[in-house]
Amino acid sequence: MARELWKGNEAIAEAAIRGGVEAFFGYPITPQTELLEYMAARLPELGRTFLQAESEVAAINMVYGAACGGVRAMTSSASPGISLMQEGLSYIAGSEVPIVLIDVMRGGPGLGNIQPSQGDYFQMTRSAGHGDYHPIVLAPATIQEAIDLMYEAFPLAEKYRTIVILAADGSLGQMMEPAEMPPARPLLTEAERPSWAVRGARGREKRIITSLFLKEEELEALNLRLQAKLKHIAETEQHWEEVATADAEYLLVAFGTVGRTCKTVVREARQQGIKVGLYRPITLWPFPGPRLRKLAEQVRGILVAEMNAGQMLEDVHLATLGRCPVRFYGRMGGVMILPDEILGALHDLIADQPADPAARRREP
Amino acid sequence: MHEEIIFSGFGGQGALFAGQLLAYAALDCGLHVTWIPSYGPEMRGGTAHCTVVIADEPIGSPLVRRPASVIALNLPSFEKYEPLVKHGGVLVYNSSLIDRRPGRADIRYVPIPANDIAEALGNVRQANVVLLGGYLAATGILPLAAVETALDRHLPGRQRRFLESNKAALQRGAACVLEAVPAAPAEQTANPAAAAD
């Protein structure tokens with residue numbers, strides 16, 4: 001496939017189709033709607049299922065039902081719509097059914113606006129619903145990366161029987177950029193359907209998929225199994241990108257759209273002689289903390305930049321545990337961060353550091 | 001090479017489409033490119049703009065505070081972006097609708113009576129393409145032929161009947177710049193029609 005100019009929302013939809021999605025249930029909301037429109041046009045042509053639900057609550061429960069049948073099912077929405085899906089997401093997590101969800105984040109809280117935001121970081125990484133679980137959360141910075149992560153999202157969800165969330169934002173959904181599509185993956189054959197799926201019980205023992213366990217020891221057993229699985233995921237599925245970290249004295253940490261903006265900042269700062277690198281988490285959960293901890297021992301300061309009030313910042317603090325000063329620069333309300341703002345904050349961070357690195361370590 | 005261009009105008013003037021044409025042409029020339037629109041309720045009757053970044057290496061931020069070039073289709077766009085054009089940059093503007101004296105000495109002003117040219121060609125809605133042609137001629141960033149190819153490939157089906165007139169609009173815009181003598185900042189006249197060549 002040649003490189004073509006793709007709009008983010010449409011690219012994610014096409015990548016999901018090539019990745020083998022069989023059923024899409026959704027409800028329109030800006031800045032995600034082109035994704036749903038693309039699915040509405042393409043899936044029926046391919047003989048697959050598209051259904052515009054009456055609400056996000058209905059859509060996520062349709063996804064739940066289809067996924068229980070061993071079908072590759074997904075939905076997409078933007079922030080307020082994701083909030084409406086939280087109950088269903090928790091049921092899906094409790095039932096250990098693999099699904100894929102796209103959040104094209106917009107400004108909040110509340111109805112907010114339709115401009116880009118990263119304000120759903122807490123919501124997605126902490127659980128996206130009630131109870132003890134974490135979805136796997138993937139944060140693309142370019143349209144090519146969004147395609148590649150989307151394409152692998154179903155195998156990843158099925159490997160762990162978990163929710164995979166692709167965390168985009170309004171700007172990634174609306175922008176256009178050249179990208180290359182992977183070849184279409186063959187659809188699951190009947191023999192490849194999961195052994196736990198409910199597809200008709202004639203001639204075999206019935207299977208039950210549920211998140212209802214009224215006996216406390218049974219529910220605790222489920223939770224212990226979930227926690228063991230999450231621990232395994234946390235150990236094996238951390239992904240990130242590093243730019244110019246080898247000799248870095250300062251480090252930018254940012255994800256998604258702000259992550260790519262920081263690449264411009266690194267280039268401009270290095271032209272000014274500042275040895276700065278970038279650490280860009282690709283998995284937001286599991287957060288790639290151990291490598292960041294190592295980098296925190298190497299650098300003189302970290303600047304976290306996000307389109308929110310400082311949400312990933314907490315994970316950076318948890319990972320670095322005071323090994324170096326950590327500053328934050330954020331914009332909210334759908335305001336996109338421009339490179340010169342981050343560069344300015346980086347200069348502020350540098351100006352506040354003692355000239356002698358040894359002096360810093362003596363600080364309380 | 002790292003060029004940032006903002007296209008800005010009233011919703012419906014085709015600022016976003018002109019930016020897309022440039023993005024397609026950049027892709028065909030083997031360059032890296034991003035196109036990012038303003039989107040939202042302001043597009044209904046208000047202003048619409050997009051930012052295109054063209055570079056020979058992977059692009060970080062798709063937005064800039066100070067673009068190298070601005071293509072202003074209407075007066076509010078001229079007023080908003082004139083102070084923001086980078087030092088040494090270019091402001092291409094629709095002099096059919098914008099009656100302003102240049103306010104800066106450190107950027108190049110390229111006035112093009114785009115509405116008049118487009119109207120003379122039979123379709124005032126192609127003023128966006130006239131300005132794109134003028135921009136390409138003024139900066140030489142991509143060959144005109146690359147945008148003609150982009151028109152061939154990407155003009156939506158219902159607009160195909162305008163293919164040849166769009167190409168004419170592109171060429172007339174370019175010719176308007178190449179024929180002008182750009183020694184001093186171009187004179188503005190009170191009567192926009194008089195500025196049409």
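So that the names make sense, note that chain A is the first sequence line, chain B the second, and so on, each numbered from 1.
Side-chain N or O atoms of A/Glu306 include one that pairs as donor or acceptor with a backbone N or O of A/Leu313 at under 3.5 Å. Distance alone, capped at 3.5 Å, places no donor-acceptor pair between the A/Arg106 side chain and the A/Ile29 backbone.
No other option in B/His32, B/Arg66, B/His2, B/Gln20 has as many heavy-atom pairs under 4.5 Å with chain A as B/Gln20. For the set A/Met336, A/Glu177, A/Met176, the count of heavy-atom pairs under 4.5 angstrom toward chain B peaks at A/Met176. In terms of non-hydrogen atom pairs under 4.5 Å with chain B, the most contact-rich of A/Ser171, A/Pro178, A/Ala141 is A/Pro178.
Proximity to chain A (any heavy atom under 4.5 Å) is shown, for B/Val53, by neither the backbone nor the side chain. In this structure, chain A has a heavy atom under 4.5 Å from the side chain of B/Leu27, while its backbone stays farther away.
In summary, the side chains of B/Tyr109 and B/Glu82 do present a donor paired with an acceptor at a separation below 3.5 Å, with no hydrogens or angles considered. Between A/Thr264 and B/Ser61, the side chains place no donor N or O within less than 3.5 Å of an acceptor N or O (distance only, hydrogens not considered). Side-chain contact, B/Asp152 with B/Thr149: no donor N or O sits under 3.5 Å from an acceptor N or O.
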